[in-house]
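Remember, predicted model here, so these are calculated numbers, not experimental data.
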Amino acid sequence: MEKIKKNYWQYIVGFVVCFLFRLIPFKPPNIELILTAQMPFARFYGKFAGFSFAFFSIFLYDIFTNKLGIWSLITGLTYGLLGLFAVSYFKNKKNNAWDYAKFAIIGTILYDAITGLSIGPLFFNQSFTQALVGQIPFTLLHLIGNVSFALILSPAIYTYILKNKKLESASIITI
């Protein structure tokens, strides 16, 4: 089996696509591509890339939209930790849509539990019950989006973009 070169242009393009998708107006804020892309990128590029993909997706978006706050750090770090977890989770798994979907379920529930049940009560005087009740529909939508995208897009990103020898940097430059 030939060794595939790591192409950081793919990483940058993936990051920009996720960032631009988040800027689409009038869509629910919990329908986004961060986890969808983070899983195959973390699997392919490793821990640093897995962490930084999500952390900077959150942090730079909040800077760009002028919504930077302590929540940016909490949500960015939490998503970044999912990237570290993804590297371990996918280490001995095949490029399988169901494995991406399982991780999307686990990751979404962990992320929403940590961020959704902490930020409101800790920083905005929201009761835990209010946070929990409000989090349920948000998490359900988040699960629908993340699992749907994970089933379809995550394995495609890994197979047709990351493992595609035709999209290696040297191949792109010589076109």
Side-chain angles (χ1 to χ4, degrees), residues 5-90 100 103-124 126 131 134-135 138-139 141-150 152-158 160-162 164 167-169 172:
K5 293 179 190 172
K6 295 187 177 178
N7 179 351
Y8 291 95
W9 283 109
Q10 294 169 338
Y11 183 87
I12 292 166
V13 169
F15 183 88
V16 170
V17 168
C18 288
F19 183 82
L20 293 175
F21 186 84
R22 290 188 76 201
L23 291 174
I24 295 173
F26 310 115
K27 71 168 192 50
N30 49 358
I31 303 296
E32 36 84 4
L33 299 175
I34 296 172
L35 188 61
T36 303
Q38 179 190 33
M39 292 183 288
F41 279 109
R43 177 180 182 190
F44 190 76
Y45 287 103
K47 291 179 181 179
F48 178 75
F51 179 89
S52 59
F53 187 92
F55 178 82
F56 287 111
S57 290
I58 298 290
F59 213 77
L60 293 176
Y61 176 84
D62 285 0
I63 289 171
F64 186 80
T65 58
N66 203 26
K67 295 178 182 175
L68 189 64
I70 189 67
W71 52 85
S72 306
L73 187 59
I74 294 168
T75 57
L77 286 172
T78 304
Y79 239 138
L81 290 173
L82 284 181
L84 297 178
F85 178 44
V87 173
S88 300
Y89 180 85
F90 290 106
Y100 287 112
F103 187 88
I105 292 167
I106 296 165
T108 301
I109 290 171
L110 284 173
Y111 175 82
D112 283 1
I114 292 167
T115 61
L117 301 177
S118 67
I119 294 172
L122 291 175
F123 300 106
F124 298 108
Q126 185 181 38
Q135 192 62 43
F138 184 90
T139 298
L141 274 175
H142 208 182
L143 280 166
I144 290 168
N146 281 348
V147 172
S148 299
F149 290 146
I152 299 164
L153 296 177
S154 295
I157 290 169
Y158 190 79
Y160 300 113
I161 296 173
L162 299 176
N164 187 342
L167 294 178
E168 287 181 0
S169 297
I172 293 170

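Between Ala42 and Gly83 the shortest heavy-atom distance is CB-O, 3.6 Å. Contact record, Pro29 with Phe138: CG-CE1, 4.1 Å, taken as the closest heavy-atom pair. Leu35 and Thr108 make their closest contact through CD2-OG1, 3.8 Å (heavy atoms, listed as atom of the first residue, atom of the second, distance). When all heavy atoms of Lys47 and Leu84 are compared, the pair lying nearest together is O-CD2, 3.5 Å. Across all their heavy atoms, Gln38 and Ala54 have their closest contact at NE2-CB, 3.2 Å. Across all their heavy atoms, Leu162 and Gln10 have their closest contact at CD2-OE1, 3.6 Å.
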Original post:
After noting the C-alpha distance and the side-chain angles of Val16 and Val13, does the key distance pass the side chain to side chain contact (heavy atoms under 4.5 Å, CB included) rule?
Top reply: CA-CA 5 Å; Val16 170; Val13 169; 5.7 Å; no
Original post:
Stepwise, does the side chain to side chain contact (heavy atoms under 4.5 Å, CB included) test hold for Ser154 with Phe149?
Top reply: CA-CA 7 Å; Ser154 295; Phe149 290 146; 6.0 Å; no
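Separation of atoms OG (Ser57) and CG (Leu33) is listed at 10.0 Å; rounding is to 0.5 Å. Here OG1 of Thr65 is found 7.5 Å from CG of Leu23. Values are rounded to the nearest 0.5 Å. The distance from the CG atom of Leu110 to the OG1 atom of Thr78 is 9.5 Å, given to the nearest 0.5 Å. Taken from CG in Leu141 to CG in Asn146, the straight-line distance is 11.0 Å, to the nearest 0.5 Å. Rounded to the nearest 0.5 angstrom, Leu77 CG and Leu82 CG are separated by 11.5 Å. The distance from the CD1 atom of Ile119 to the CD atom of Gln135 is 9.5 Å, given to the nearest 0.5 Å.
Taking the six-membered ring for Trp, Phe103 and Phe85 have ring centres closer than 6.0 Å.
Applying the ring pair (Phe, Tyr, Trp, His ring centres under 6.0 Å) test to pairs two or more places apart or on separate chains, those with a residue in residues 58-81 are Phe19-Phe64, Phe55-Phe59, Trp71-Phe124, Tyr79-Tyr111.
A heavy-atom distance below 4.5 Å is found between the side chains of Phe48 and Ser52. A 4.5 Å side-chain heavy-atom check between Phe90 and Pro40 finds every atom pair outside the cut-off. The closest side-chain heavy-atom distance from Leu153 to Tyr100 is not below 4.5 Å. Side-chain atoms of Ile70 and Leu73, non-hydrogen and from C-beta on, do get closer than 4.5 Å to each other. Counting heavy atoms from C-beta outward, Ile58 and Ile34 have side chains that approach closer than 4.5 Å. Residues Phe53 and Tyr45 are not in side-chain contact: their nearest non-hydrogen atoms beyond the backbone lie 4.5 Å or more apart. Side-chain atoms of Thr139 and Asn30, non-hydrogen and from C-beta on, never get closer than 4.5 Å to each other. In this structure the side chain of Met39 never reaches within 4.5 angstrom of the side chain of Tyr89, judged on heavy atoms.
Side-chain atoms of Ser148 never come within 3.5 Å of backbone atoms of Gly145 as a donor-acceptor pair (strictly under, hydrogens ignored).
Residue Phe123 qualifies as enclosed at atom CZ: its count of foreign heavy atoms under 6.0 Å is above 12.
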